Amino acid sequence: MKIFDSVKRDKLPFSPISGNSVKIYVCGPTVYDDAHLGHARSAVSFDLLRRVLQESGYSVTFGRNFTDVDDKILDKMAKSGEDLETITSRYISSYNSDMKALNVLTPDLEPKATENIEAMEKMVLKLLEDGFAYQTSSGDIYFDTSKDSKYLSLSNRKQEDTESRIGEVVEKRNPTDFILWKSAKDGVRFGKRFVGRPGWHIECSAMVDEHLAYKSGDYSIDIHGGGADLLFPHHENEASQSRCSTGKELAKYWMHNGFVKIDGEKMSKSLGNSFFLKDVLKLYSGEVIRFYLLSTNYRQDFDFSDTELLNSKKRLDKLYRIKKRVYGGKVGEANPKFREEILNALQDDLNTSIAFSVLDKFVSETNEKLDSGKVSKVEKREILGNIEFLNSTLGIGGSDAFQYFQFGVSENEKIEIEKLISIRSEAKKEKKFQKADEVREKLGKMSIQIMDTASGTLWEKI
RNA sequence: GGCGGCAUCGCCAAGUGGUAAGGCCGCGGCCUGCAAAGCCGUUAUCCCCAGUUCGAAUCUGGGUGUCGCCUCCA
């Protein structure tokens, strides 16, 4: 397995800290709104990493947090009058349902910030006691970045270049010092020891240390992941806090996924160009979206477009047509060569493009074989085995082949479609081809495409 | 201003020194009542300039364009 370390900026051979176990922590969402495609990309990328490592024989412990204390959430509380729990649980459940649709495996650990306040306070207290942090007259607690000689080594910056662009008026000792604990002006109190609420960066460090980390050695965990926008300052700050409070580096490898863009610009809430996942999921199945997101290497920027989403659907359709052609058989073992080719590609820093080209080759070769009519039961089992392997490794191909093509079709529509198809079949039998074609046109207007086969007429929603 | 990414066929996208994967679209053919699906065939010298090398999309230098981080952000 080779992965690209975004701190060392090099593709490196992956070797775990301990035996064959791998500990991964990925920065999850702040739950003040529904998830957009950017969240999807991050989740799908690291879900793929997890699956590939597991398929490669590693035992993976995967953590992803929910940031459920944050100014935006508090703002929302103030505006709506709802309490924090009501707001955050709504968006957590929305996030989880979107992730399920995308076939993202549930993490082993899903810590919430609010449930780990004690661990955060403990870490802040230690940093205060050891002189890495200080408290201002207003009660805010800051991390003193000048006390960490390795500060800025993660994101490769220089102190003088990090002057904040916005004029901050606080009693900070250094421009890069960041907040560990924010004292409340409004009576908000999350902690037992400290008044107010935790800073953003501290939660990841504290939760990693509390739930995931190796207690000795040079590193807390193997891999830390997140979006490219988190490298600075979020991960820089996390790394520094962890280093100074635990004496270990936070992660052996750092991985960052690229952005999702719309019309060439980064998708973000503040630009108002986000696509909510739940809206896209009304038009396409989660699996199509997952396949689309995986069509570009996770490190590259990803420019979202309807055309290419449809392109991806067409490509995935072909796999499902194979699945229809061998429908109902037993699932056998995957072909060893096929397995190896897919896995080799993915073990090279998740090269999904190569993996997909192997898939394409499998599809066309299998169609050719099936066309010849000389496919044994054993071979059919292997075909299904290959598809099942794709499902476990890439998270695609696992749905029922007929249901896949009926996405967004209601029960009533299905009855209507079946009725029209039988009318057409009758017409065809009587060689009334004009009538048959009229029915086909009518189905076409309903976005239903039909295909006559030896075993009857099949239909697909296109 | 500092730092970084990217620039490959109409569109998407692999490829990090040895002579350009794959998908979509298009075109031709087979199959089909006609279609659809499927199969076969078919389309590029890699933003520009200079350099290193027997040899570069791949390395170096200089441009141009574009996106991003430096403020919350996946």
Side-chain angles (χ1 to χ4, degrees), chain A residues 6 9 11 26-30 32 35-46 64 67 70-72 152 155-158 160-168 175-176 200 225-234 236 256-261 264-271 274 292 295-297 299-303 305 307-318 321-322 324-325 345 348 351-361 363-372 428 431-434 436-437 440-441 443-444 448-453 457-460 462:
Chain A
S6 40
R9 290 181 199 178
K11 202 189 273 185
V26 176
C27 287
T30 303
Y32 70 100
H36 63 210
L37 283 164
H39 296 103
R41 166 111 118 134
S42 177
V44 166
S45 299
F46 291 107
R64 187 186 60 214
T67 299
D70 161 274
D71 281 351
K72 292 196 188 79
L152 297 181
S155 57
N156 187 35
R157 277 155 214 261
K158 295 192 183 85
E160 58 270 28
D161 298 334
T162 54
E163 298 279 346
S164 181
R165 288 182 311 183
I166 53 169
E168 288 182 275
T176 45
W200 175 38
D229 47 358
L230 299 181
L231 181 54
F232 186 86
H234 186 52
E236 185 73 59
H256 292 89
N257 63 277
F259 300 121
V260 175
K261 303 196 291 184
E265 286 197 317
K266 181 186 172 187
M267 177 184 288
S268 78
K269 296 276 172 62
S270 49
L271 286 171
S274 320
Y292 177 41
S295 67
T296 301
N297 178 273
R299 280 191 284 130
Q300 301 287 344
D301 283 345
F302 184 102
D303 210 340
S305 81
T307 317
E308 293 305 322
L309 178 54
L310 189 60
N311 178 346
S312 282
K313 181 186 177 297
K314 286 177 180 172
R315 202 174 182 182
L316 184 57
D317 285 352
K318 287 163 168 262
R321 291 201 185 102
I322 295 278
K324 276 203 293 194
R325 295 186 76 175
D348 183 12
N351 193 328
T352 44
S353 290
I354 299 286
F356 283 7
S357 75
V358 175
L359 190 164
D360 292 330
K361 195 178 69 177
V363 166
S364 66
E365 285 175 358
T366 304
N367 271 319
E368 201 174 359
K369 242 187 270 173
L370 289 166
D371 283 350
S372 77
K428 265 181 64 181
K431 303 234 183 266
K432 293 177 181 166
F433 293 122
Q434 197 179 339
D437 290 350
R440 185 168 62 200
E441 260 176 56
L443 284 161
I448 301 302
Q449 187 172 77
I450 57 172
M451 33 199 63
D452 295 327
T453 73
T457 301
L458 303 177
W459 63 271
E460 297 177 356
I462 51 168

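Predicted model, so just to flag it, every value in this text is computed and none were measured. Quick note on labels: first sequence line is chain A, next is B, and so on, each numbered from 1.
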Asker: Give a yes/no on whether any side-chain N or O of A/Thr296 is located under 4.0 angstrom from OP1 or OP2 of B/rA13.
Answerer: yes
Asker: Which value, in whole Å, describes the distance between the C1' atoms of nucleotides B/rA44 and B/rG29?
Answerer: 24 Å
Asker: Sort me out a list of protein N/O and nucleotides 66-68 of chain B N/O pairs below 3.5 Å, or just none if empty.
Answerer:
{"residue": "B/rC67", "atom": "O3'", "partner": "A/Gly264", "partner atom": "O", "Å": "3.4"}
{"residue": "B/rG68", "atom": "OP1", "partner": "A/Lys266", "partner atom": "N", "Å": "3.1"}

Asker: Taking atom P in both B/rU16 and B/rG2, what distance in whole Å separates the two?
Answerer: 32 Å
Asker: Tell me the interatomic distance from A/Leu443, atom CG, to B/rA35, atom C1', rounded to whole angstroms.
Answerer: 13 Å
Asker: B/rU8 P sits how many Å from A/Asp303 CG, rounded?
Answerer: 13 Å
Asker: What distance, rounded to whole Å, do you find between the two P atoms, one in B/rC24 and one in B/rC31?
Answerer: 23 Å
Asker: Between atom CD1 in A/Ile462 and atom C1' in B/rA35, what is the gap in whole Å?
Answerer: 13 Å
Asker: Using a strict 4.0 Å threshold on nitrogen-to-oxygen distance, state whether A/Asp348 and A/Lys11 make a salt bridge.
Answerer: yes
Asker: Taking only the side-chain nitrogens and oxygens of A/Asn367, find out if one of them lies under 4.0 Å from OP1 or OP2 of B/rC39.
Answerer: yes
Asker: At their closest point, which heavy atom of A/Arg315 faces which heavy atom of A/Ser357, and how far apart are they?
Answerer: NH2-N, 4.1 Å
Asker: Which part of the nucleic acid, if any, lies within contact of A/Gly38, taking any heavy atom under 4.0 Å across all strands shown: a base, the sugar-phosphate backbone alone, or nothing?
Answerer: base
Asker: Counting primed atoms plus P, OP1 and OP2 as sugar-phosphate and everything else as base, spell out the protein contacts along nucleotides 19-24 of chain B at 4.0 Å heavy-atom distance: B, S or - for each nucleotide, 5' to 3'.
Answerer: --BSBS
Asker: With the threshold set at 4.0 Å, does a side-chain nitrogen-carboxylate oxygen contact exist between A/Arg325 and A/Asp371?
Answerer: yes
Asker: Touch check for A/Asp371, heavy atoms < 4.0 angstrom, all strands: base, sugar-phosphate only, or nothing?
Answerer: sugar-phosphate
Asker: Identify, between A/Asp70 and A/Ser305, the residue whose nearest nucleotide on RNA chain B lies closer to the 5' end.
Answerer: A/Ser305
Asker: For a quick check of understanding: with a heavy-atom distance under 4.0 Å over all strands, which category does A/Asp71 fall into, base, sugar-phosphate or nothing?
Answerer: nothing
Asker: Which part of the nucleic acid, if any, lies within reach of A/Gly225 when heavy atoms closer than 4.0 Å are counted: base, sugar-phosphate only, or nothing?
Answerer: nothing
Asker: Between the base of B/rG4 and the side chain of A/Asn156, is there a donor-acceptor distance below 3.5 Å?
Answerer: no
Asker: Output the rounded distance in Å from CZ (A/Arg299) to P (B/rA13).
Answerer: 14 Å
Asker: Expressed in angstrom and rounded to an integer, what is the separation of A/Ile322 atom CD1 from B/rG38 atom P?
Answerer: 9 Å
Asker: Measure the distance from CZ on A/Phe433 to C1' on B/rG33 and round it to the nearest whole Å.
Answerer: 4 Å
Asker: If each of A/Ser270 and A/Ala436 is mapped to the nucleotide of RNA chain B with the nearest heavy atom, which maps nearer the 5' terminus, i.e. the 5' end?
Answerer: A/Ala436
Asker: Have a look at A/Val260 and say if it touches a base, only the backbone sugar-phosphate, or nothing, with a 4.0 Å heavy-atom cut-off.
Answerer: base
Asker: Using the C1' atom as the reference point in each nucleotide, state the distance between B/rA20 and B/rU52 in Å, no decimals.
Answerer: 22 Å
Asker: Rounding to the closest angstrom, what is the interatomic distance between B/rG10 and B/rG51 at atom P?
Answerer: 29 Å
Asker: Starting at atom CZ of A/Arg440, determine the distance to atom P of B/rG33, rounded to an integer number of angstrom.
Answerer: 12 Å
Asker: Using a heavy-atom cut-off of under 4.0 Å over every strand shown, decide if A/His256 touches base, sugar-phosphate, or nothing.
Answerer: nothing
Asker: What integer number of Å spans the C1' atoms of B/rA14 and B/rC6?
Answerer: 15 Å
Asker: Once hydrogens and angles are ignored, does a donor-acceptor distance under 3.5 Å link the base of B/rA37 to the side chain of A/Arg321?
Answerer: no
Asker: Quick check on B/rA13: is either OP1 or OP2 less than 4.0 Å from any side-chain nitrogen or oxygen of A/Asn297?
Answerer: no
Asker: Are any of the side-chain nitrogens in A/Arg440 or A/Asp437 under 4.0 Å away from the carboxylate oxygens of its partner?
Answerer: yes
Asker: Quote, to the nearest angstrom, the C1' distance that separates B/rC27 from B/rC9.
Answerer: 15 Å
Asker: Tell me: NE2 of A/His234 to P of B/rC72, nearest whole Å?
Answerer: 11 Å
Asker: Using atom P in both nucleotides, what's the gap between B/rU42 and B/rG4 to the nearest angstrom?
Answerer: 44 Å
